[in-house]
Amino acid sequence: MSDQTDKAKLLRSLHIPGAPLVLPNAWDVGSARAVADAGFAVVATASNAISAALGYDDGEGAPREEMMLVAQRIAASVDVPVTVDAEAGYGMAPEELVELLRGIGVVGCNIEDSDHANGGLVDADVRATYIAQMRAAADRIGVPLVINARIDSFVSSSPLVGNQKRADATSRAAAYWSAGADCVFPIGAGPDDLRAIVAEVGAPVNAGLSLKGGSLDELRAIGVARVSVGPQLYRSALDHLHTDLQRLLALCG
């Protein structure tokens with residue numbers, strides 16, 4: 001499958017509440033090919049893992065050009081749809097971002113609402129307008145980009161406390177869904193928070209899954225439509241590398 005429109009339609013169709021699309025997040029061509037060869041229907045990238053592999057901090061610490069070059073190489077290396085973590089948009093106008101994503105051959109993206117320049121969260125109305133403009137740009141181009149709106153109400157850098165987090169995440173989810181997002185991702189939300197957002201918003205919901213003790217069955221029962229693991233596979237690969245290096249070092253002793 002080579003046509004971006006067909007790949008985008010396939011990606012969107014796989015967001016099924018209760019039967020979620022499971023995304024192992026890749027960080028380079030080797031890991032992306034491993035995901036596709038294992039039989040997963042879609043490859044997603046993890047900005048945290050890519051920036052770390054490139055030697056930069058997460059949160060738009062890496063140059064946009066370097067991050068997008070990795071995504072472009074991944075998209076060119078596999079036949080399945082690729083969705084890229086575009087962080088907060090790298091300061092690009094929405095139309096410019098959509099054109100860039102089309103040009104590198106990906107068919108979906110995460111777009112988050114953390115304000116990396118000033119701290120805290122971008123105003124919900126401002127981010128909803130940005131998403132609406134992304135949707136309009138994708139419609140004009142003719143590639144139905146699958147927009148996963150990441151909601152950072154629950155992350156450690158959020159200024160919100162207590163019950164504010166769920167209320168804010170629910171409000172943002174509704175706004176982003178209405179603006180044209182295909183899925184909402186309240187990263188860091190617990191099971192009760194996810195249930196509330198699924199029930200109150202009605203949008204396809206993305207949830208994170210811990211590879212150490214997380215329950216995919218629980219997420220299915222909650223009704224999420226998409227599951228991702230973020231940089232966990234990258235960190236697991238590094239753990240194995242460190243173990244092998246220690247064994248080699250011991251042999252050298």
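Position 1 is the first residue of the sequence, and the numbers go up from there. What you see below is based on every heavy atom in this structure, not just the backbone, and it leaves out hydrogens, waters and symmetry mates. Just so it is clear, the model here is predicted, and its values are computed rather than measured.
- Here V126 is tied into one hydrophobic group with V122, each link being a pair of ILVMFWY side chains closer than 4.5 Å.
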For the pair R235 and N48, evaluate side-chain contact (heavy atoms from CB on, under 4.5 Å) and give the outcome as yes or no after the intermediate values.
CA-CA 10 Å; R235 293 170 183 168; N48 183 297; 3.4 Å; yes
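- Under the salt bridge (Lys or Arg N to Asp or Glu O under 4.0 Å) criterion, D58 pairs with no residue at all, not counting sequence neighbours.
- Note: the hydrophobic cluster containing V43 does not contain L69 (ILVMFWY, side chain heavy atoms under 4.5 Å, direct or indirect links).
- When the shell of 6.0 Å around CG of D244 is examined, it contains more than 12 heavy atoms from other residues, nucleotides or ligands.
- Using a 4.5 Å cut-off on side-chain heavy atoms (C-beta onward), N206 and S228 make contact.
- By the criterion of side-chain heavy atoms lying less than 4.5 angstrom apart, applied directly or through intervening Ile, Leu, Val, Met, Phe, Trp or Tyr residues, V70 is grouped together with V84 in one hydrophobic cluster.
- Here the closest heavy-atom approach between residue Y176 and residue A128 is recorded as CE2-N, 3.8 Å.
- Here the side chains of T83 and L11 are in contact, with some heavy-atom distance below 4.5 Å.
- The structure places CD1 of I50 at 5.0 Å from CE of M67, a figure rounded to the nearest 0.5 Å.
- The line from CG of L54 to OG of S47 is 11.0 Å long, rounded to the nearest 0.5 Å.
- Between L145 and L101 the shortest side-chain heavy-atom distance falls below 4.5 Å.
- Here the side chain of Q133 pairs no donor or acceptor atom with the backbone of Y130 at under 3.5 angstrom.
- Of the possible donor and acceptor atoms, one in the side chain of N25 sits under 3.5 Å from a partner among the backbone N and O of G230.
- For Y90, the side-chain hydrogen bond (donor to acceptor under 3.5 Å, both in side chains) partners at least two apart in sequence or on another chain are E87.
- Both V184 and I147 sit in one connected hydrophobic cluster of ILVMFWY residues. Membership requires side-chain heavy atoms under 4.5 Å apart, directly or through other members.
- Residues forming a side-chain hydrogen bond (donor to acceptor under 3.5 Å, both in side chains) with D37 (at least two apart in sequence, or on another chain): none.
- You'll find the side chain of R150 stays beyond 4.5 Å of the side chain of I111, heavy atoms only.
- Inspection of the N148 and N110 side chains reveals an N or O donor paired with an N or O acceptor under 3.5 Å.
- When all heavy atoms of Y234 and A49 are compared, the pair lying nearest together is CB-CB, 3.6 Å.
- Judged purely by atom type and a 3.5 angstrom limit, S236 has no side-chain atom pairing as donor or acceptor with the backbone of Q232.
- Residue L121 is found in a hydrophobic cluster whose other members, listed by chain and number, are L160; membership requires side-chain heavy atoms under 4.5 Å apart, directly or through intermediates.
- No side-chain heavy atom of E60 sits less than 4.5 Å from a side-chain heavy atom of S114.
- For the side-chain contact (heavy atoms from CB on, under 4.5 Å) criterion with E99, the lone passing option out of R102, E96, E95 is R102.
- Considering all non-hydrogen atoms of both residues, V229 and L211 come closest at CG1-CD2, 3.9 Å.
- L216 has its side chain within reach of V227: a pair of non-hydrogen atoms, C-beta onward, lies under 4.5 Å apart.
- Between T45 atom OG1 and I74 atom CD1 the span is 6.0 Å, to the nearest 0.5 Å.
- Under the 3.5 Å distance criterion, with hydrogens and angles disregarded, a donor-acceptor pair is assigned to the side chains of D28 and S31.
- A salt bridge does not link K9 to D6: none of the charged nitrogens lies less than 4.0 Å from a carboxylate oxygen.
- Side chain of S51 to backbone of A62: no donor-acceptor contact under 3.5 angstrom is found.
- For the pair A71 and V106, the tightest heavy-atom approach, listed with the atom from each and the gap, is O-CG1, 4.4 Å.
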Worked verdict on F40 versus V80 for side-chain contact (heavy atoms from CB on, under 4.5 Å)
CA-CA 9 Å; F40 287 92; V80 299; over 6 Å; no
Verify side-chain contact (heavy atoms from CB on, under 4.5 Å) between K165 and D193, making sure each step is shown before the conclusion.
CA-CA 9 Å; K165 297 180 179 182; D193 299 310; over 6 Å; no
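- A salt bridge is defined here as a Lys NZ or Arg NE, NH1 or NH2 lying under 4.0 Å from an Asp or Glu carboxylate O, and D113 with R127 fails to meet this definition.
- Looking at Q72 and V82, their side chains never come closer than 4.5 Å, going by heavy atoms from C-beta outward.
- L251 and L241 are members of different hydrophobic clusters when ILVMFWY side chains are connected at heavy-atom separations under 4.5 Å.
- Side-chain contact annotation: D152 with S158, donor-acceptor N/O pair under 3.5 Å absent.
- No single ILVMFWY cluster, assembled from side-chain heavy atoms under 4.5 Å apart, contains both L194 and I187.
- Put simply, the side chain of T170 gets close to the backbone of R166: a donor and an acceptor are under 3.5 Å apart.
- For the pair D182 and R135, the minimum side-chain heavy-atom distance is below 4.5 Å.
- In this structure, NE2 in H240 is found 13.0 Å from CG in L245, a value given to the nearest 0.5 Å.
- Every residue two or more places apart in sequence or in another chain that forms a side-chain hydrogen bond (donor to acceptor under 3.5 Å, both in side chains) with D168 is listed here: S153, R172.
- Taking NZ of K7 as the start and CD of Q4 as the end, the distance is 7.5 Å to the nearest 0.5 Å.
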Determine, step by step, whether H15 and V146 satisfy the side-chain contact (heavy atoms from CB on, under 4.5 Å) criterion, reporting the C-alpha distance in whole Å, the side-chain angles of both residues, the deciding distance to 0.1 Å, and the verdict.
CA-CA 10 Å; H15 289 69; V146 179; 4.1 Å; yes
